[in-house]
Amino acid sequence: MIIIIYNTVYENIKQLKKSFYLIIILNISVLQYLQGQQLKTHFEEHIIPLNMPFDSISNFLTKTKKQALIKKDSTLLINTLITQSRFNRFKLNYLEAFSFAGEALFISEEYKNQLLIAKANEELGVLTYLYKQNEESESYFIKAHELYRKLYKHHKIDVSEIYNSYYNLVLHYQRIADKENLQSYIDSCIVLSKKTKLPPIYSIFLDEKKASISEWNNAPNEALKLLKNAAQQLENSAPNSGLKNKDEEVFANYLWQNSNHLS
């Protein structure tokens, strides 16, 4: 009888573990997908017309690149290469994306354009982040960040650009569970957010990041409060959160699932 009970309990524990790990995997997948929505897109450099059909974008960028070479316009060439990398990243063609980003970095360093060097490093940081190459992504993000900081100090970029750079490092330090650096970059994002008008989703994402720190500090009640607050903010800010309706629903479910896990 004791053996039967023991076996039953053991099997139940095994099943709970499987369920727990499945929830973690699903949450990580959801979070990565949503974080992808906060990374720079192929529309960022304003090269691609917003109303252009998706199937026409690749050919349009190829033609734009050829025009840049004919005109010897290095700025247009590098921005197009970065845009090609982001577009291929969006399509999950990572080898192509790496190739375009690497070419952009090489040419930008040749022309010593600090802003374009920063953008190329940032894109390589994003690609290595998505590939979970943590050391490489940190190196690229920090190189980009140092340049962005200098450019911001000399009023050559706006607040949103430097904010994005800080947020890239927030993503990285959450990934590697570096509490001290994560808190520092979250604080910097909060300070910068007060200097410009950002969609509500930015503060909501930061609450989710702060919840990670609380959970690591064995403060589940604090983490729960942050997650529930983030979920409520998301619901209250719709449809102006800064996410598409589908993404908004996915992220809200993610927040509520995590808050229920901590309850």
Side-chain angles (χ1 to χ4, degrees), residues 16-17 19-40 125-126 129-130 132 134 137-138 141-142 145 159-263:
L16 282 170
K17 279 185 176 180
S19 300
F20 179 69
Y21 290 132
L22 179 61
I23 288 168
I24 289 175
I25 291 166
L26 285 171
N27 282 340
I28 289 170
S29 299
V30 168
L31 185 57
Q32 285 181 338
Y33 164 74
L34 288 162
Q35 285 172 344
Q37 312 306 306
Q38 297 303 299
L39 300 170
K40 287 182 178 177
V126 169
Y129 168 80
L130 293 172
K132 298 186 179 179
N134 294 331
S137 64
E138 181 174 29
F141 278 148
I142 286 175
H145 188 63
V159 179
S160 62
E161 194 79 68
I162 189 67
Y163 180 97
N164 284 333
S165 183
Y166 275 101
Y167 188 77
N168 288 336
L169 287 161
V170 166
L171 291 177
H172 169 73
Y173 288 119
Q174 185 188 33
R175 158 77 62 75
I176 64 171
D178 183 332
K179 289 190 289 186
E180 186 176 337
N181 273 314
L182 177 57
Q183 185 63 65
S184 173
Y185 284 99
I186 287 173
D187 291 343
S188 296
C189 283
I190 292 169
V191 170
L192 287 167
S193 68
K194 294 175 182 176
K195 297 181 179 181
T196 187
K197 189 174 182 180
L198 295 169
I201 190 60
Y202 286 91
S203 64
I204 294 167
F205 263 102
L206 290 180
D207 275 348
E208 183 272 327
K209 305 291 178 279
K210 287 187 274 186
S212 293
I213 296 173
S214 297
E215 195 168 0
W216 297 335
N217 288 335
N218 296 315
N221 289 337
E222 185 178 324
L224 176 64
K225 183 179 178 182
L226 285 163
L227 288 172
K228 285 187 172 178
N229 180 57
Q232 287 166 355
Q233 279 188 72
L234 185 60
E235 289 177 355
N236 293 337
S237 63
N240 301 312
S241 66
L243 282 180
K244 295 175 184 176
N245 289 338
K246 180 185 72 173
D247 298 336
E248 198 171 86
E249 184 179 343
V250 172
F251 188 45
N253 288 335
Y254 165 79
L255 292 170
W256 283 118
Q257 280 178 2
N258 277 276
S259 62
N260 289 334
H261 165 66
L262 290 167
S263 297

Participant: Could you walk me through whether Leu171 and Lys209 pass the side-chain contact (heavy atoms from CB on, under 4.5 Å) check?
Facilitator: CA-CA 8 Å; Leu171 291 177; Lys209 305 291 178 279; 3.8 Å; yes
Participant: For Ile186 and Ile213: C-alpha separation, side-chain torsions, deciding distance, then whether side-chain contact (heavy atoms from CB on, under 4.5 Å) applies.
Facilitator: CA-CA 11 Å; Ile186 287 173; Ile213 296 173; 4.0 Å; yes
Participant: Mind checking the CG-NZ spacing from Asn217 to Lys179? Nearest 0.5 Å is all I need.
Facilitator: 4.0 Å
Participant: What is the minimum heavy-atom distance between Trp216 and Gln174, and which atoms define it?
Facilitator: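 For Trp216 and Gln174, the tightest heavy-atom pair comes out as CH2-O, 3.7 Å.
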Participant: Work out which heavy atom in Leu182 is nearest to a heavy atom in Val170; give both atom names and the distance.
Facilitator: CD1-O, 3.4 Å
Participant: Do Leu39 and Asn164 pass the side-chain contact (heavy atoms from CB on, under 4.5 Å) test, and can you show the C-alpha distance, the side-chain angles, and the key distance before you say yes or no?
Facilitator: CA-CA 8 Å; Leu39 300 170; Asn164 284 333; over 6 Å; no
Participant: Donor-acceptor pair, distance only, cut-off 3.5 Å: does the side chain of Ser193 make one with the backbone of Ile190?
Facilitator: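 Yes; judged by distance alone, with no hydrogens or angles, the pair exists.
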Participant: Can you name the salt bridge (charged side-chain N to carboxylate O under 4.0 Å, His left out) partners of Lys225, sequence neighbours left out?
Facilitator: none
Participant: List the atom of Gly125, the atom of Ser137, and the distance in Å for their closest heavy-atom pair.
Facilitator: O-CB, 3.5 Å
Participant: Are Val126 and Lys40 close enough, and set up right, to give a side-chain contact (heavy atoms from CB on, under 4.5 Å), and what steps lead you there?
Facilitator: CA-CA 9 Å; Val126 169; Lys40 287 182 178 177; over 6 Å; no
Participant: Report the residues that fulfil salt bridge (charged side-chain N to carboxylate O under 4.0 Å, His left out) with Glu138, sequence neighbours left out, ordered by chain and then residue number.
Facilitator: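 With neighbours one apart ignored, the set is empty.
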Participant: Rounded to the nearest 0.5 Å, what separation is found between the CG atom of Asp178 and the CG atom of Asn134?
Facilitator: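 Interatomic distance, Asp178 CG to Asn134 CG, rounded to 0.5 Å: 11.0 Å.
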Participant: Enumerate the residue pairs fulfilling salt bridge (charged side-chain N to carboxylate O under 4.0 Å, His left out) with a member in residues 192-207, sequence neighbours excluded, ordered by first and then second residue.
Facilitator: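 Those involving residues 192-207 are Asp207-Lys210.
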Participant: Could you pull out all residues at least two apart from Ser203 that satisfy side-chain contact (heavy atoms from CB on, under 4.5 Å)?
Facilitator: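 Checked Ser203 against side-chain contact (heavy atoms from CB on, under 4.5 Å); matches are Gln233.
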Participant: How many angstroms lie between atom CG of Leu226 and atom CD of Glu208, to the nearest 0.5 angstrom?
Facilitator: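 Between atom CG of Leu226 and atom CD of Glu208 there are 10.0 Å.
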Participant: Looking at CG of Leu227 and CD1 of Ile204, how far apart are the two atoms once the value is rounded to the nearest 0.5 Å?
Facilitator: 12.0 Å
Participant: Go through the structure and list residues passing side chain to side chain donor-acceptor pair (under 3.5 Å) with Ser214, not counting sequence neighbours.
Facilitator: Glu222
Participant: Taking only residues at least two apart or on different chains, which pairs with a member in residues 182-192 satisfy side-chain hydrogen bond (donor to acceptor under 3.5 Å, both in side chains)?
Facilitator: Gln183-Asp187
Participant: I need the minimum non-hydrogen distance between Glu215 and Ala223, along with the two atoms involved.
Facilitator: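 Looks like N-CB, 4.0 Å.
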Participant: Could you check whether any side-chain heavy atom of Leu198 comes within less than 4.5 Å of a side-chain heavy atom of Tyr163, counting everything from C-beta outward?
Facilitator: yes
Participant: Compare every heavy atom of Phe141 with every heavy atom of His172, then report the nearest pair and how far apart it is.
Facilitator: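 Looks like CB-CD1, 4.2 Å.
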